[in-house]
Amino acid sequence: MSETIVSTERTQLLDSLAAELLTATETLEPIAPLRDRVEAMDVNDAYRIQDVQLRAHVAAGRVLAGRKVGLTSLAMQKQLGVDSPDFGFFFTDMVHHEDAQIAADSFISPKVEPEFGFVLKETLTGPGVTREQAAAAIGEVYAAIEIIDSRIANWDIRLVDTVADNASCGAIAVGTTPLDVKVQDLGSVECSLLIDGEKRSTGIGTDVMGDPVAPLAWLANVLGEQGVSLPAGQLILPGSFTGALPVIAGQSATADFGSLGSLSINFI
């Protein structure tokens, strides 16, 4: 069999898996893990599956609001057997704000993570973006919560599964008042994740890949290799301060930045 035929068949298979994930996103019926359904599936295959979905959503009229970086903690990287983060996307209709009432049944198995939300004041175009250039491109810094969800059944994921599934992104909540913090101080900022007002976990900025600006530079460079820029005005979530916690209807989640402010959302 020629390499062209093999390549075509593989591409068709990847596209069909992207279609399965698009359907799962609408029906909330999870699908089987992808890693065993493509021979020697690698991260490039997974990002192709993710990109097919992105293009389908944009073609349907959805508006890209920003990007998220995941797997920024050493613990999560160790759990999935990887040594680098991953990324996904989110649209304007996935963004919520303070005291939002969010239907828990609009997800399959939601979990929450407290994060920074960076709004870029300058466009970043990689490759070659330095940490200093990434820091200089950050405008406002907001409290944020990512609601992660998995279209893969039972959260049975490895790296290629979560990458293909848009880095397990479900929705985003972001504050409306910027945190009064300087970019150079982000690493020392403390944030706690509260469920129903009870502190469940705490981290500091350096828990986000050792430096919360580092994921932004990494993302700009990875996307830059694909000819994609991070435009000014886009919202970037660089990764979680803590591990993710599950939520159900009737619960609230809070990202508490102490004296800098907080962000709370409610699941109904």
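The residues of the chain are indexed from 1 along the displayed sequence.
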For Arg37, is there an ion pair with Glu20 - N to carboxylate O distance below 4.0 angstrom?
yes
Any salt bridge between Arg35 and Asp45, counting N to O under 4.0 Å?
no
Donor-acceptor under 3.5 Å (Gln50 side chain, Phe89 main chain)
no
Shared hydrophobic cluster for [X] and [Y] (ILVMFWY, side-chain gaps under 4.5 Å):
X      : Y      : answer
Phe257 : Val174 : no
Phe241 : Val141 : yes
Val129 : Val222 : yes

Quick one: list whatever passes ring pair (Phe, Tyr, Trp, His ring centres under 6.0 Å) with Phe118, sequence neighbours left out.
Phe116
To check you understand the geometry: which heavy-atom pair defines the closest contact between Pro215 and Val208, and what is its length?
CG-CG1, 4.0 Å
How close do Leu34 and Met41 get, heavy atom to heavy atom, and via which atoms?
O-SD, 3.6 Å
Could you tell me whether Glu26 atom CD has more than 12 heavy atoms of other residues or ligands within 6.0 Å of it?
no
How about Glu39: does its CD atom have over 12 heavy atoms from other parts shown lying under 6.0 Å from it?
no
dist Met209:CE -> Ser240:OG (nearest 0.5 Å) comes out at 14.0 Å
From Ile102 atom CD1 to Ile147 atom CD1, the distance as rounded to the nearest 0.5 Å
4.0 Å
What is the ring orientation for Phe267 with Phe107, classed by angle as parallel under 30°, tilted 30 to 60°, or perpendicular over 60°?
perpendicular
